[in-house]
A.B. asks: 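Supplied in C-alpha cells, the structure appears directly below.
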There are 2 protein chains.
Amino acid sequence: MRILIVEDEPGIARFLKQGLEEEGFAVDVAATGPAGLAQAQAQPYDLLLVDWMLPGLTGLDVCRQLRAQQDQTPLIFLTAKDTVQDTIAGLQAGANDYIKKPFHFEELLERIRVQLRPAGGPSERFTLGPIVLDVSTHQVYKDDEEIALTQKEFALLEYLLRNKGKVCRRQSIIENVWDIHFEYNTGVIDVYMNALRKKLKITKDDEFLQTIRGIGYVARD
Amino acid sequence: MRILIVEDEPGIARFLKQGLEEEGFAVDVAATGPAGLAQAQAQPYDLLLVDWMLPGLTGLDVCRQLRAQQDQTPLIFLTAKDTVQDTIAGLQAGANDYIKKPFHFEELLERIRVQLRPAGGPSERFTLGPIVLDVSTHQVYKDDEEIALTQKEFALLEYLLRNKGKVCRRQSIIENVWDIHFEYNTGVIDVYMNALRKKLKITKDDEFLQTIRGIGYVARD
DNA sequence: CATGAATTTTAAGTGAATCTTAAGGCGGCT
DNA sequence: AGCCGCCTTAAGATTCACTTAAAATTCATG
C-alpha cells in the first residue's frame, strides 16, 4: 500500500513517514502544495494524507484539483484548523476524512485502514526502480509513462517482480508463467525478455533485469 | 436515500430525524440496540447512524453483528465517548466514521454525504473527452448532441467511466454490469462495446475506449 | 392476453494481434 | 579457438476480439 504525505513541517512529516513505514506502508513525502499535486498525478497512490496549510497551494486546492481530474484516491486532511466551516469545506471538496491536530497516531492509523478497506481486493503493486506494475488493473508504468504490455509480457514481468532479488530459473519461469510442467526446450523466454527490455527501454547498463547465464534471470533495483 | 437512526434519547433522535428529513432523506428511528439491529436487518438502508450507548445492545455490538452478517451498509457512530480507545474500537468493528457529541449538524450532514457519495453523491456526471454521461438523468451527450443509449449500453459506459484510466477486466465488467458472479464466457461484452463505439462514433484512431487484448477495456482521454 | 417493437443474448465468420517456433549471429567461458 | 547459451529477427500458428445476423427475451400496447 502506497501513501503520499503532503506536509510542510519536516518534524511531522518525518514522524508520520516513520510510523507508517513501520506499519508496512510505502511512504513518499512532498513538502509543498504544487509538489504534492504533481507527485499524486505522476504515480498511483492508495491514499493521500494532506496538510491543510501548505506553501503554494492549500490542501483544499490540491484536493479539488485531483477530484476535478477524476482522481478518486482516498484523501484524508490533516490539520490544525478545526472550525466547522473548514471541515465542511474539506469534505465538500471531495476529501474522505478529516483529522484534527493534535491527533493520536493510533487513531490516524485506524482511519487510514477504514479508507483502504472498501477498496476491496488489495490493489497489488510492485516496483522496480522507476517501473511500477499494478496487478489489479494490469497496468505498467515507467517514469510515470504508461507502457502497454501483452498478457505474456505482463505475466513474465509480474513473476520476476514477485521474486525481486531472487534468481528465477528458466524451469521455474516456464512452470509459473507458461504453466508447462514437463521438460521443455524452447526459446520463448528469450523472446519475451527481449520484448520486455525493449518496451521498458532497459539498456545493458541498467541492472533492473539481469541475465544469469546458465540459470535464468533476476529483477533487482 | 434511506437512513436509520439508532438512538435512545428521544430529543436527539427527533432533532436528527427532522433535520435529515428537511434535507430530503427518508428517516426511520429505533430506540434500542436490539430494535435497531432488527430494523437494519429487516430493510435495506443507505446509511446507519448509531449511538454508542444504547439499552440492550451497545452500538458497537450492533455494528459487529451487522458486519458479521456481511452487511456493508455505511455506519457512522454518534457518541459522547471520546477516548482514543473507543474511536479505534468503533472503526475496527467496521464503522465508517465516528462523530463526537456535541457535534454541529452541518458537519454530520457533510460526513453523511461523504459516505453516500460513492453510491450516488453530487459528482454524478462523468466525462470522457467530448462525451458526457449524466447518471441521474440517464443521458449521454457527445459534442452537445444527445445520444440515445439502451440500459445495458449505458450501464457499460458508466462502469468504464467510473473507472476512467483503470483497465477493467472482462470478469469485473460481467460482475458489475451484468451482475453475473460465476464463470461465464460469452460475447455480450464485445457486442455492446461495438454498439457503444458505433453510437458514440468512436473510430479506431480515437483512444477513448481502448481494448486491452486478453484482459478487458479502458476509458481514457 | 396477444401482438409487435425494442432490447438483449447467442452464434459464427473474419481479420488482426499475440504467441510460438526456428534460425543466424554474437559474446562469454573453458 | 571452439563450444554453448543468449540475443535478435522474422515467419508460421493460434488465439481473441470485431462484426454481423438471427434467435430469444423483455416491454409496451391494443
Side-chain angles (χ1 to χ4, degrees), chain A residues 138-140 147-160 167-219, chain B residues 138-140 147-160 167-219:
Chain A
H138 201 271
Q139 282 169 313
V140 175
I147 311 271
L149 296 187
T150 69
Q151 278 195 88
K152 278 275 141 66
E153 288 163 358
F154 189 92
L156 174 58
L157 182 60
E158 178 184 344
Y159 182 70
L160 291 172
V167 175
C168 302
R169 306 174 162 280
R170 288 171 157 268
Q171 187 57 34
S172 318
I173 295 174
I174 279 291
E175 285 184 4
N176 289 285
V177 178
W178 272 264
D179 208 29
I180 291 171
H181 296 281
F182 45 86
E183 197 174 334
Y184 188 60
N185 200 351
T186 173
V188 251
I189 301 179
D190 309 66
V191 171
Y192 275 88
M193 285 302 301
N194 182 33
L196 268 186
R197 286 168 171 159
K198 225 183 218 167
K199 287 195 177 179
L200 295 171
K201 300 188 194 73
I202 292 178
T203 65
K204 295 257 157 115
D205 306 331
D206 291 325
E207 299 199 330
F208 298 130
L209 296 178
Q210 272 179 280
T211 304
I212 309 297
R213 196 179 166 83
I215 309 293
Y217 298 88
V218 214
Chain B
H138 204 270
Q139 282 172 316
V140 175
I147 311 270
L149 295 187
T150 70
Q151 282 199 46
K152 278 274 143 63
E153 289 163 357
F154 188 91
L156 174 57
L157 183 60
E158 178 184 344
Y159 182 71
L160 291 172
V167 174
C168 303
R169 298 167 172 281
R170 283 167 163 270
Q171 187 58 35
S172 317
I173 295 174
I174 278 290
E175 284 184 5
N176 289 285
V177 178
W178 273 264
D179 206 28
I180 291 171
H181 297 280
F182 45 89
E183 197 176 335
Y184 188 59
N185 84 333
T186 171
V188 249
I189 301 179
D190 309 60
V191 173
Y192 274 88
M193 284 303 301
N194 184 30
L196 269 185
R197 286 169 171 159
K198 227 182 218 167
K199 287 195 177 179
L200 295 171
K201 300 187 194 73
I202 293 178
T203 65
K204 293 258 154 109
D205 305 332
D206 292 325
E207 298 200 331
F208 297 131
L209 296 178
Q210 269 179 282
T211 304
I212 309 297
R213 182 167 235 265
I215 308 296
Y217 299 88
V218 214

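In this text the structure is predicted, and so the values were computed from the model without any measurement.
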A.B. asks: May I have the step-by-step check of side chain to side chain contact (heavy atoms under 4.5 Å, CB included) for Ile174(A) and Thr186(A), ending in yes or no?
C.D. replies: CA-CA 10 Å; Ile174(A) 279 291; Thr186(A) 173; 4.2 Å; yes
A.B. asks: What distance separates Ile147(B) CD1 from Leu196(B) CG, expressed to the nearest 0.5 Å?
C.D. replies: 10.5 Å
A.B. asks: Within the sub-3.5 Å range, which N or O atoms of nucleotides 27-29 of chain D have a protein N or O partner, and how far apart are they?
C.D. replies:
none

A.B. asks: Run the side chain to side chain contact (heavy atoms under 4.5 Å, CB included) test on Cys168(B) and Leu160(B) for me, step by step, so that the C-alpha distance in whole Å, both residues' side-chain angles and the decisive distance to 0.1 Å come before the verdict.
C.D. replies: CA-CA 7 Å; Cys168(B) 303; Leu160(B) 291 172; 3.9 Å; yes
A.B. asks: Check whether any side-chain nitrogen or oxygen of Thr211(A) sits under 4.0 Å from OP1 or OP2 of dC7(D), and answer yes or no.
C.D. replies: yes
A.B. asks: Sorted by first residue and then second, give each side chain to side chain donor-acceptor pair (under 3.5 Å) pair with at least one member in residues 170-181 of chain A; sequence neighbours left out.
C.D. replies: Tyr159(A)-Asn176(A), Arg170(A)-Asp190(A), Arg170(A)-Tyr217(A), Gln171(A)-Glu175(A), Asp179(A)-His181(A)
A.B. asks: Using a strict heavy-atom distance below 4.0 Å, which residues from residues 187-195 of chain A are in contact with DNA chain D?
C.D. replies: Asp190(A), Val191(A), Asn194(A)
A.B. asks: At 4.0 Å (heavy atoms only), tell me whether Tyr217(A) reaches a base, stays on the sugar-phosphate, or touches nothing.
C.D. replies: sugar-phosphate
A.B. asks: With a 4.5 Å limit on heavy-atom distance, are the side chains of Met193(B) and Ile189(B) in contact?
C.D. replies: yes
A.B. asks: For the helix from dC1(C)-dG30(D) to dT30(C)-dA1(D), what is the angle between the axes at its two ends, each from 5 pairs, rounded to 10°?
C.D. replies: 30°
A.B. asks: I want to check one thing: is the phosphate of dT9(D), taken as OP1 and OP2, less than 4.0 Å away from some side-chain N or O of Lys198(A)?
C.D. replies: yes
A.B. asks: Taking only residues two or more places apart in sequence or in another chain, which ones pass side-chain hydrogen bond (donor to acceptor under 3.5 Å, both in side chains) with Thr211(B)?
C.D. replies: Arg197(B)
A.B. asks: Does the side chain of Leu156(A) reach to within under 4.5 Å of the side chain of Phe154(A), using non-hydrogen atoms?
C.D. replies: no
A.B. asks: List for me each residue that meets side-chain contact (heavy atoms from CB on, under 4.5 Å) alongside Glu207(B), sequence neighbours excluded, and say none if there are none.
C.D. replies: Gln210(B)
A.B. asks: Could you tell me the separation between the CG atom of Leu200(A) and the CG atom of Leu157(A), rounded to the nearest 0.5 Å?
C.D. replies: 6.0 Å
A.B. asks: Please list each protein N or O that sits under 3.5 Å from an N or O in nucleotides 23-30 of chain C, with the distance.
C.D. replies:
| unit_1 | atom_1 | unit_2 | atom_2 | d |
| --- | --- | --- | --- | --- |
| dG27(C) | N2 | Arg213(A) | NH2 | 2.9 |

A.B. asks: Expressed in angstrom and rounded to an integer, what is the separation of Arg169(A) atom CZ from dG5(D) atom C1'?
C.D. replies: 16 Å
A.B. asks: Distance from Thr203(B) atom OG1 to Phe208(B) atom CZ, nearest 0.5 Å?
C.D. replies: 9.0 Å
A.B. asks: Take the protein atom CD1 of Ile173(A) and the nucleotide atom P of dG5(D), then report the distance between them rounded to whole Å.
C.D. replies: 16 Å
A.B. asks: List in chain and number order the residues that pass salt bridge (charged side-chain N to carboxylate O under 4.0 Å, His left out) with Lys201(A), two or more places apart in sequence or in another chain; answer none if no residue qualifies.
C.D. replies: none
A.B. asks: Between P on dT18(C) and CG on Leu196(A), what's the gap in Å once rounded to a whole number?
C.D. replies: 14 Å
A.B. asks: How long is the line joining NZ of Lys199(B) and P of dC18(D), in whole Å?
C.D. replies: 18 Å
A.B. asks: Which residues satisfy the side-chain hydrogen bond (donor to acceptor under 3.5 Å, both in side chains) test with Arg213(A), sequence neighbours excluded?
C.D. replies: none
A.B. asks: Compare every heavy atom of Ala219(B) with every heavy atom of Leu209(B), then report the nearest pair and how far apart it is.
C.D. replies: CD2-CB, 4.0 Å
A.B. asks: Would you mind reading off the distance between Ile202(A) atom CD1 and dC7(D) atom P, rounded to a whole angstrom?
C.D. replies: 12 Å
A.B. asks: Let me know the distance between CD1 of Ile215(B) and C1' of dT15(D), rounded to the nearest Å.
C.D. replies: 13 Å
A.B. asks: Are any of Thr150(B)'s side-chain N or O atoms less than 4.0 Å away from OP1 or OP2 of dT7(C)?
C.D. replies: no
A.B. asks: For the pair made of CD in Glu153(A) and P in dT15(D), what is the distance, rounded to whole Å?
C.D. replies: 18 Å
A.B. asks: List in chain and number order the residues that pass side-chain hydrogen bond (donor to acceptor under 3.5 Å, both in side chains) with Glu153(A), two or more places apart in sequence or in another chain; answer none if no residue qualifies.
C.D. replies: Thr150(A), Lys199(A)
A.B. asks: Is Arg197(B) close enough to dC18(D) that one of its side-chain N or O atoms is under 4.0 Å from OP1 or OP2 there?
C.D. replies: yes
A.B. asks: Once you round it to whole Å, what is the distance between C1' of dC19(C) and CG of Leu156(A)?
C.D. replies: 13 Å
A.B. asks: Using heavy atoms and a sub-4.0 Å distance, could you list which residues of residues 175-185 of chain B are near DNA chain C? By number, please.
C.D. replies: Trp178(B), Tyr184(B)
